[in-house]
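The structure under discussion appears below in the form of structure tokens.
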Amino acid sequence: MSYNVIRRIPALAAAAAMAFGLAVAACEAPGGSGEGEGFLLRDSAGVALAENDLAALAGAEGGWVDGTSAWRVSEAPIVEIGVQDGPDEYQFASIVGVLRLPDGGIVVGDRSHPEGMIRFYDPEGGFVRRMGRAGDGPGEFRMLFGLWSYRGDSIAAWDLQASRLSVLDQEGELGRTLSFVIPSDDPPAPPGLRAMEGGRVVGPFRDGTFLVQPGRLVSAGGEPVEYQRRYLRSSPEMEVVDTLGPFPRAGASPTVRFPDGRRAAPFAGGTVRLVRGDRIYTGSAERYELQVYDAQGALERVIRLHGRDLAITEPLKEAYRERWLAEAGGDPGAARQLESALADFTFPETAPAYLGALVQVDSEDHLWVPQYPLAPDEGPPGWDVFDPEGGFLGTVAVPEGLQVQQVGRDFILGVWRDGMGVPYVRMYALER
């Protein structure tokens, strides 16, 4: 089996662990800190601050090496599911979630198939069964939106349009269905404001409760309202038990308006909202910082990475302009309108620090953060990996075009599209 070599700092994990121990001890005395090569972990009012400096890490003794100790991802997938033309059970169009089960089987949620939106495959990728027809009955979906591993060996599936949660076993048998009317926010909407549809379940905690994003508030005239949105924690029976947040969120990104009414927002990094185990991972990609909260909404850890050049250069700006003008399709009138819009457009000075919507946490509690692709239409140039204490371990080269859905101890599972835009489920071997 062939592998892509991953750049990693082999001595950093030990340094981070040592620094973490020092920081824990220092919590008893104000101003204490733990130090490693390019890594500082200190306590600030009970919150662990993990600071990583790329320049110091690159120059540290034993740092930035290629070799057998590095993490590696196989060049070719070890499992691939999907076809352009062929049996219906292997065709995908709108994948919303992919999971690998404890027995090695793979579950795929694809909202495009009215006869079965959730499909089960064996460890080699062979089709086993499907469930979840379009409809309003038990085990049916109007709009499948989320698919997660749930407590025990169960699977939780969220129907956004019906605001309904279905819990399945590994065989696809329906255990229970729960409807949930998501409040607009807590406290209730102020006078003159009303709830807008769009609340959703973000994901489950280890104890079976859920993090829920309420619907946004708008004015009576229908305009969005700027406010600090709070989140909800619901019981396994979908009853609100707590209010959490507000959490950091990204500001509005500048957009270009196309002649046909579309808008494009170059260099929009988005916001992290992720639940794994009993932790909430959040962050705004406007700077390289991520926050880790416990299930009660208390901030536990802040992870930062310094020293990466994110400047948006003139060649990058020109690449975007050329791409947009090419989308005018040879229509001179449309091209002139677009050129006028581009003349008034001001690019941001720096790119986002990462792609917020794609951040993952693996089965060993390592944080995987995709770098922002500076060139148009490119995938993440690499994934930054941090240990559970927030120490930077290095950058992993994930196969080009793979949208990572799950990272296990020895595999990476995700969605890949071919040149025709047809999605496939692919699993690669991961060697740590």
- Over 12 non-hydrogen atoms of neighbours within 6.0 angstrom of CZ in Arg321: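 Correct, the count exceeds 12.
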
- Decide if atom CD of Glu349 counts as having more than 12 heavy atoms of other residues, nucleotides or ligands within a radius under 6.0 Å.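 No, not enclosed.
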
- Message: If you apply the rule side-chain contact (heavy atoms from CB on, under 4.5 Å), what do you find for Trp368 with Asp362, and how did you get there?
- Response: CA-CA 7 Å; Trp368 291 61; Asp362 69 18; 2.9 Å; yes

For a 4.5 angstrom cut-off between non-hydrogen side-chain atoms, does [X] reach [Y]?
X      : Y      : result
Arg119 : Asp110 : yes
Leu49  : Asp43  : no
Leu342 : Trp324 : yes
Pro348 : Ile312 : yes
Leu358 : Gln403 : yes
Phe120 : Val108 : no
Leu168 : Ile118 : yes
Val98  : Val107 : no

Please round to the nearest 0.5 Å and tell me the distance separating atom [atom1] of [X] and atom [atom2] of [Y].
X      : Y      : atom1 : atom2 : value
Met238 : Thr177 : CE    : OG1   : 11.5 Å
Gln371 : Arg308 : CD    : CZ    : 4.0 Å
Glu89  : Ile81  : CD    : CD1   : 11.5 Å
Met427 : Ser74  : CE    : OG    : 9.0 Å
Glu124 : Ile106 : CD    : CD1   : 9.0 Å
Asp53  : Phe39  : CG    : CZ    : 12.5 Å

Any idea which heavy atoms bring [X] and [Y] closest together, and the distance?
X      : Y      : answer
Val73  : Pro399 : CG1-CD, 3.7 Å
Thr209 : Ser235 : CG2-CA, 4.1 Å
Pro373 : Leu355 : CD-CD1, 3.5 Å
Leu299 : Gln291 : CD1-CB, 3.7 Å
Pro423 : Val415 : CB-CG1, 4.0 Å
Ala56  : Gly38  : CB-CA, 3.6 Å

- Pi-cation contact, Phe411 with Arg100 (under 6.0 Å, within 45°):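 Yes, a cation-pi geometry holds between Arg100 and Phe411.
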
Do [X] and [Y] make the cut of ring centroids closer than 6.0 angstrom?
X      : Y      : result
Tyr354 : Tyr372 : no
Tyr424 : Trp416 : yes
Trp383 : His366 : no
Tyr320 : Phe267 : yes

Lys/Arg N to Asp/Glu carboxylate O, [X] vs [Y], below 4.0 Å:
X      : Y      : result
Asp242 : Arg233 : no
Asp207 : Arg151 : no
Glu364 : Arg432 : no
Glu171 : Arg129 : yes
Arg142 : Asp159 : no

- Task: Apply the test side-chain contact (heavy atoms from CB on, under 4.5 Å) to residues Phe92 and Ser112: give CA-CA distance (whole Å), side-chain angles for both, the deciding distance (0.1 Å), then the verdict.
- Result: CA-CA 8 Å; Phe92 302 113; Ser112 67; over 6 Å; no

- Message: I'd like to know if the side chain of Arg276 pairs up with that of Gln360 as donor and acceptor (distance under 3.5 Å, no hydrogens or angles considered).
- Response: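 Indeed, the side chains of Arg276 and Gln360 share at least one donor-acceptor pair under 3.5 Å.
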
- Query: Side chains of Asn52 and Tyr288: do they bring a donor and an acceptor to under 3.5 Å?
  - Reply: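 No, Tyr288 and Asn52 have no side-chain donor paired with an acceptor closer than 3.5 Å.
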
- Measure the acute angle between the ring planes of Tyr121 and Tyr90, then classify it against the limits of 30° and 60° as parallel, tilted or perpendicular.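 Tyr121 and Tyr90: tilted rings.
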
- Query: Can Arg230 and Leu232 be said to form a side-chain contact (heavy atoms from CB on, under 4.5 Å), step by step?
  - Reply: CA-CA 7 Å; Arg230 301 183 70 85; Leu232 307 174; over 6 Å; no

- Task: List the steps and the verdict of side-chain contact (heavy atoms from CB on, under 4.5 Å) for Ile78 and Tyr428.
- Result: CA-CA 5 Å; Ile78 56 176; Tyr428 294 80; 5.7 Å; no

- Task: Before giving the answer on ring pair (Phe, Tyr, Trp, His ring centres under 6.0 Å), spell out for Phe210 and Tyr150 the whole-Å C-alpha distance, their side-chain angles and the decisive distance to 0.1 Å.
- Result: CA-CA 10 Å; Phe210 294 87; Tyr150 196 45; 5.3 Å; yes

- Can you check side chain to side chain donor-acceptor pair (under 3.5 Å) on Arg301 and Tyr293, steps first, answer last? CA-CA 7 Å; Arg301 188 175 306 275; Tyr293 295 80; over 6 Å; no

- Message: Assess the residue pair Tyr281 and Arg279 against the criterion (side chain to side chain donor-acceptor pair (under 3.5 Å)); give the C-alpha distance rounded to whole Å, side-chain angles, the decisive distance to 0.1 Å, and a yes or no.
- Response: CA-CA 6 Å; Tyr281 297 81; Arg279 296 293 182 270; over 6 Å; no

